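Throughout, a chain's letter reflects where its sequence line sits, starting with A, and its residues are numbered from 1. Hydrogens, waters and symmetry mates are skipped; everything else that's a heavy atom, side chains included, is used. Fair warning: this is a prediction, and the values are worked out from it, not measured in the lab.
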Number of protein chains: 2
Amino acid sequence: MSVKVDLTMVKTRSTQQRVAILQILEGTDEFRSAQEIHKLLEQKKLKVGLATVYRTLQKMAVQEDIDAIRSAHGEIIYRKCGQKEGHHHHLICRQCGITITVDGPTIENWTEKIAKENGFREVSHTLDIFGICKNCYRKA
Amino acid sequence: MSVKVDLTMVKTRSTQQRVAILQILEGTDEFRSAQEIHKLLEQKKLKVGLATVYRTLQKMAVQEDIDAIRSAHGEIIYRKCGQKEGHHHHLICRQCGITITVDGPTIENWTEKIAKENGFREVSHTLDIFGICKNCYRKA
DNA sequence: AGTCTTACTGAGAATAGTTATCAATAGACT
DNA sequence: AGTCTATTGATAACTATTCTCAGTAAGACT
């Protein structure tokens with residue numbers, strides 16, 4: 001129930017594996033799971049250990065190089081966000097997984113305010129909205 | 001990657017276990033995981049198998065007796081529908097983990113609006129705010 | 001109340017996704 | 001080139017969940 005966060009400031013080395021994983025992410029707008037990325041690397045004849053893929057993605061997500069969300073099926077899926085400008089959120093269909101990106105200036109302001117009121121600094125937040133999209137609702 | 005849904009119309013029996021689980025859910029506004037509910041039942045000296053807790057919650061969710069969402073940590077968490085006016089969020093210190101509960105009517109309305117605009121239904125969301133609390137900031 | 005049908009239960013095995021371990025490797029700095 | 005240490009890979013361990021299957025108990029029907 002608790003979140004472990006490593007606050008140690010460590011230098012990130014640019015390794016072949018890290019570059020390869022980043023290339024995969026930059027080749028698509030879709031969310032990809034660690035397992036998927038591992039398979040895609042295999043197809044490109046690049047041997048990168050599964051654990052390395054997990055570790056690298058996790059680190060990238062912490063350093064905010066990429067977005068990470070939890071799919072309805074329980075996997076963590078990752079995506080390189082093109083639009084780095086402005087923090088944004090996701091509207092995700094529980095059924096088919098289709099994802100819509102939405103800006104949230106309202107939320108930014110609100111979270112900032114709440115945090116300040118409670119004496120918190122260096123604020124960040126995560127917000128995802130889940131629902132059933134039009135298509136899936138029609139099918140059901 | 002696909003979701004199996006059993007469409008067979010089966011009669012649901014009212015067992016001691018099912019009643020016990022429902023009571024736990026009715027005793028709170030919070031989302032609870034299967035594991036948590038299992039522990040709470042143990043504390044009440046009610047011996048209900050873990051598998052039964054999982055099965056029952058899953059079934060209740062399908063029959064729409066309760067809400068089910070996936071937490072950021074990967075667990076499926078459940079809540080008895082109806083009392084939406086209990087939903088709130090957490091302000092968490094990255095350093096010491098202290099957690100402050102905050103209401104968010106602003107957020108509720110905003111997420112509802114965004115979802116509707118995009119044709120989504122059965123909306124739920126997750127939001128956590130992270131920062132460094134007063135105490136930890138002073139120490140650093 | 002007795003009996004029958006079958007949904008439900010519990011304990012543990014099996015599975016999926018992810019994280020931890022640890023010796024070996026390889027960036028990057030002098 | 002040599003040193004330091006972040007990173008890697010193979011695999012074990014872990015967590016959350018589902019499956020299996022023999023035994024149990026709702027609930028319907030005498």
Under 3.5 Å, which donor-acceptor pairs do the side chains of residues 49-56 of chain B form with other protein atoms, sequence neighbours left out?
unit_1: Thr52(B); atom_1: OG1; unit_2: Arg55(B); atom_2: NH2; d: 3.2
unit_1: Tyr54(B); atom_1: OH; unit_2: Gln35(B); atom_2: NE2; d: 3.0
unit_1: Thr56(B); atom_1: OG1; unit_2: Thr52(B); atom_2: O; d: 2.6

Completion exercise
B/S/- along nucleotides 24-30 of chain D (protein heavy atoms under 4.0 Å) is -BBS---
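Note: CD (Glu75(B)) to P (dG17(C)) measures 17 Å, nearest angstrom. Atoms NE2 (His73(B)) and C1' (dT17(D)) sit 18 Å apart, rounded to a whole Å. For Ile37(B) and dT17(D), the CD1 to C1' distance is 14 Å, given to the nearest whole Å. Rounded to whole angstrom, the span from the CD atom of Gln63(A) across to the P atom of dA6(D) amounts to 13 Å. dG9(D) atom P lies 14 Å from atom CZ of Arg18(A), rounded to whole Å. Taking atom CD1 of residue Ile77(B) and atom C1' of nucleotide dT15(D), one finds them 16 Å apart after rounding to whole Å. Between the CG atom of Leu57(A) and the C1' atom of dT8(D) there is a distance of 15 Å, given to the nearest Å.
No donor-acceptor pair under 3.5 Å is formed between the side chain of Arg70(B) and the backbone N or O of Glu75(B). With Gln63(A) contributing its side chain and Met60(A) its backbone, the two residues share no donor-acceptor pair below 3.5 Å.
The stretch residues 47-54 of chain A comes close to DNA chain C through Ala51(A), Tyr54(A), each having a heavy atom under 4.0 Å from the strand.
Listed by chain and number, the residues in a salt bridge (charged side-chain N to carboxylate O under 4.0 Å, His left out) with Arg32(B) amount to none (sequence neighbours excluded). Legend: residues meeting side chain to side chain contact (heavy atoms under 4.5 Å, CB included) with Glu42(B), ordered by chain and number and at least two apart, are His38(B). Every salt bridge (charged side-chain N to carboxylate O under 4.0 Å, His left out) that Arg18(A) has, sequence neighbours left out, goes to Asp65(A). In this structure Lys113(A) satisfies the salt bridge (charged side-chain N to carboxylate O under 4.0 Å, His left out) test with no other residue, sequence neighbours excluded. Under the rule for a side chain to side chain contact (heavy atoms under 4.5 Å, CB included), the partners of Lys44(A) that lie at least two apart in sequence or sit in another chain are Gln23(A), Ile24(A), Leu46(A). Every residue two or more places apart in sequence or in another chain was checked for a salt bridge (charged side-chain N to carboxylate O under 4.0 Å, His left out) with Glu117(B), and none qualifies.
Taking only distance into account, the side chain of Arg70(A) never meets the base of dG17(C) through a donor-acceptor pair shorter than 3.5 Å. Counting distance only, with no hydrogens placed and no angle test, the side-chain atoms of Arg55(A) and the base atoms of dG9(D) include a donor-acceptor pair under 3.5 Å.
Paired with Tyr78(A) under the rule side-chain contact (heavy atoms from CB on, under 4.5 Å), one option of Asp67(A), Leu57(A), Ile69(A) passes, and it is Leu57(A).
End-to-end axis angle for the helix from dA1(C)-dT30(D) to dT30(C)-dA1(D), using five pairs per end and rounding to 10°, comes out at 40°.
Dashed line: the shortest gap from a side-chain N or O of Lys59(B) to OP1 or OP2 of dC8(C) is under 4.0 Å. In this structure, Gln58(B) reaches the dT18(D) phosphate: one of its side-chain N or O atoms is under 4.0 Å from OP1 or OP2.
With rounding to the nearest 0.5 angstrom, the CZ atom of Phe31(A) is 12.5 Å from the CD1 atom of Ile76(A).
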